[in-house]
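If you read the sequence from its start, that first residue is 1, and numbering goes on from there. Note: hydrogens, waters and symmetry copies are ignored here, and every other heavy atom, side chains too, is used.
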Amino acid sequence: MNPSEKNIPVHHLTSEQFQLMTLDTGHPENFNDVHRHNFFEIIWFSHVRENSSLELDFESHFLKNNQICIIAPGQVFNMKLRGEKGYVLAVSREIFKEVCDIETILTVGSCPFSLDPQSAETCNTIISLMEEEYKGASRIELLKAYLKAFCLIITEQIGKQDPSINDRQRIQKLVSLIEEHYIVQRETRFYADQIKVSAHHLNDIVRLSRGTTVKK
């Protein structure tokens with residue numbers, strides 16, 4: 001039932017390393033087909049409709065108000081907007097790695113997670129400042145500072161909602177290794193040896209956590 005992976009288009013950041021959009025105005029390039037990104041995308045669903053859902057790596061996730069989904073480069077994404085409200089942050093690999101705890105964030109990047117009311121209020125303040133700066137002077141260092149604060153809040157939320165410590169640590173290590181070696185090392189065995197588990201077991205962990213395989 002999955003489309004041929006070779007035919008899935010890849011969307012790129014073009015002139016900017018950081019983009020901020022709102023869901024209610026829509027962004028057709030990123031929401032009109034099954035696609036991948038070559039960048040990180042953080043989607044904050046502040047308000048959703050009944051039965052709102054998205055697909056990530058061909059797995060459906062129903063959404064609730066004040067949920068966040070983080071899409072990593074290479075993941076397959078699909079969603080038809082139906083009046084949801086919120087924000088979309090498109091961030092280059094370089095900026096994301098600089099300002100965010102990439103290992104912790106990608107541990108549960110394939111599953112939408114919730115913000116508690118206090119965190120949602122804090123994130124709303126931060127993103128309002130970010131939006132004002134983005135539409136104004138758009139100073140990249142200030143935008144990165146706001147993004148770092150935003151990622152700090154959502155990383156804390158991830159920590160509260162992910163009890164699988166051992167496998168989480170393995171996924172964190174895997175993500176770090178892939179970011180460092182993916183251009184040269186394409187075999188699962190290399191990463192399994194570094195993490196000191198079998199390739200089969202590492203694939204099992206990744207399937208449970210991310211719904212895909214190490215190679216994909």
Side-chain angles (χ1 to χ4, degrees), residues 9-49 52-56 61 63-102 104-106 108-110 112-158:
V10 179
H11 292 174
H12 300 266
L13 279 176
T14 53
S15 60
E16 299 175 274
Q17 288 190 302
F18 174 86
Q19 294 178 357
L20 189 154
M21 299 146 281
T22 58
L23 284 172
D24 53 324
T25 58
H27 190 270
E29 180 188 3
N30 286 345
F31 288 94
N32 64 357
D33 58 8
V34 177
H35 64 276
R36 304 178 192 270
H37 303 130
N38 77 333
F39 52 89
F40 287 90
E41 190 164 78
I42 303 172
I43 308 177
W44 178 17
F45 299 96
S46 56
H47 292 90
V48 298
R49 299 166 63 95
S52 286
S53 66
L54 58 79
E55 288 186 7
L56 198 57
H61 300 274
L63 297 168
K64 300 177 182 178
N65 290 344
N66 285 322
Q67 281 195 318
I68 284 180
C69 183
I70 302 167
I71 306 164
Q75 287 191 283
V76 181
F77 176 73
N78 187 29
M79 181 179 182
K80 304 299 182 186
L81 290 175
R82 300 188 303 121
E84 294 81 1
K85 294 185 182 297
Y87 292 90
V88 182
L89 307 176
V91 187
S92 70
R93 289 173 180 262
E94 293 76 18
I95 289 180
F96 195 92
K97 196 169 184 179
E98 179 182 348
V99 304
C100 297
D101 184 348
I102 189 170
T104 299
I105 283 179
L106 289 188
V108 292
S110 61
F113 57 91
S114 298
L115 294 176
D116 61 38
Q118 182 177 355
S119 295
E121 184 176 348
T122 303
C123 283
N124 189 59
T125 300
I126 295 169
I127 211 160
S128 294
L129 292 168
M130 196 185 302
E131 186 177 24
E132 181 180 353
E133 179 63 25
Y134 183 73
K135 291 179 177 179
S138 198
R139 290 163 289 190
I140 191 63
E141 291 303 319
L142 188 51
L143 288 170
K144 286 195 290 187
Y146 290 145
L147 180 61
K148 186 171 185 176
F150 188 84
C151 286
L152 178 63
I153 299 299
I154 65 176
T155 302
E156 289 177 349
Q157 295 291 289
I158 290 172

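- Counting only heavy atoms from C-beta outward, the side chains of F40 and P73 approach each other to under 4.5 Å.
- For Q67 (side chain) and F113 (main-chain N/O), no donor-acceptor pair under 3.5 Å exists by modelled atom type.
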Only pairs under 3.5 Å count here: list side-chain donor-acceptor contacts from residues 90-100, not counting sequence neighbours, and write none if there are none.
{"residue": "S92", "atom": "OG", "partner": "I95", "partner atom": "N", "Å": "3.2"}
{"residue": "E98", "atom": "OE1", "partner": "K144", "partner atom": "NZ", "Å": "3.2"}
{"residue": "E98", "atom": "OE2", "partner": "K144", "partner atom": "NZ", "Å": "3.1"}

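- Between L20 and Y146, the closest side-chain pair of non-hydrogen atoms is not below 4.5 Å.
- Under the 4.5 Å side-chain criterion, counting only non-hydrogen atoms from C-beta, L143 is not in contact with L147.
- Annotation: the span from L63 atom CG to M79 atom CE amounts to 5.5 Å, rounded to 0.5 Å.
- When all heavy atoms are compared, the tightest approach of Q157 to L115 is OE1-CA, 3.4 Å.
- Between H35 and H11, the ring planes are parallel. Angles under 30° get that label, and only those over 60° would be called perpendicular.
- Note that CD1 of I153 and CD of Q118 are 8.5 Å apart. Values are rounded to the nearest 0.5 Å.
- At least one side-chain heavy atom of I127 sits under 4.5 Å from a side-chain heavy atom of L89.
- Partners of S52 according to the side chain to side chain donor-acceptor pair (under 3.5 Å) rule, which considers only residues two or more places apart in sequence or in another chain, are E84.
- When the salt bridge (charged side-chain N to carboxylate O under 4.0 Å, His left out) test is applied to R49, no partner is found at least two apart in sequence or on another chain.
- For the atom pair CD (E41) and CD1 (I71), the distance works out to 4.5 Å, reported to the nearest 0.5 Å.
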Stepwise, does the side chain to side chain contact (heavy atoms under 4.5 Å, CB included) test hold for N65 with H47?
CA-CA 5 Å; N65 290 344; H47 292 90; 4.1 Å; yes
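- A distance of 9.5 Å separates CD of E55 from NZ of K80, quoted to the nearest 0.5 Å.
- Take N38 and apply the side chain to side chain donor-acceptor pair (under 3.5 Å) test, not counting sequence neighbours, and it matches H12.
- Residues I43 and F77 approach most closely at CD1-CZ, 3.8 Å, considering heavy atoms.
- When the side chain to side chain donor-acceptor pair (under 3.5 Å) test is applied to Y87, the partners found at least two apart in sequence or on another chain are E131.
- Between I68 atom CD1 and S46 atom OG the span is 10.0 Å, to the nearest 0.5 Å.
- Side-chain contact between L54 and H61 is present, with heavy atoms from C-beta onward closer than 4.5 Å.
- Counting all heavy atoms, side chain and backbone alike, Q19 lies closest to Y134 at CA-OH, 3.5 Å.
- Scanning both residues, V48 and K64, for their nearest heavy atoms gives CG2-C, 3.6 Å.
- The number of heavy atoms from other shown groups lying within 6.0 Å of CD (E121) does not exceed 12.
- For the pair N66 and W44, the minimum side-chain heavy-atom distance is below 4.5 Å.
- Every residue was checked against the side chain to side chain donor-acceptor pair (under 3.5 Å) condition with R82, not counting sequence neighbours, and none meets it.
- Nearest heavy-atom pair, L56 versus C69, reported as atom, atom and distance to 0.1 Å: CD2-SG, 3.9 Å.
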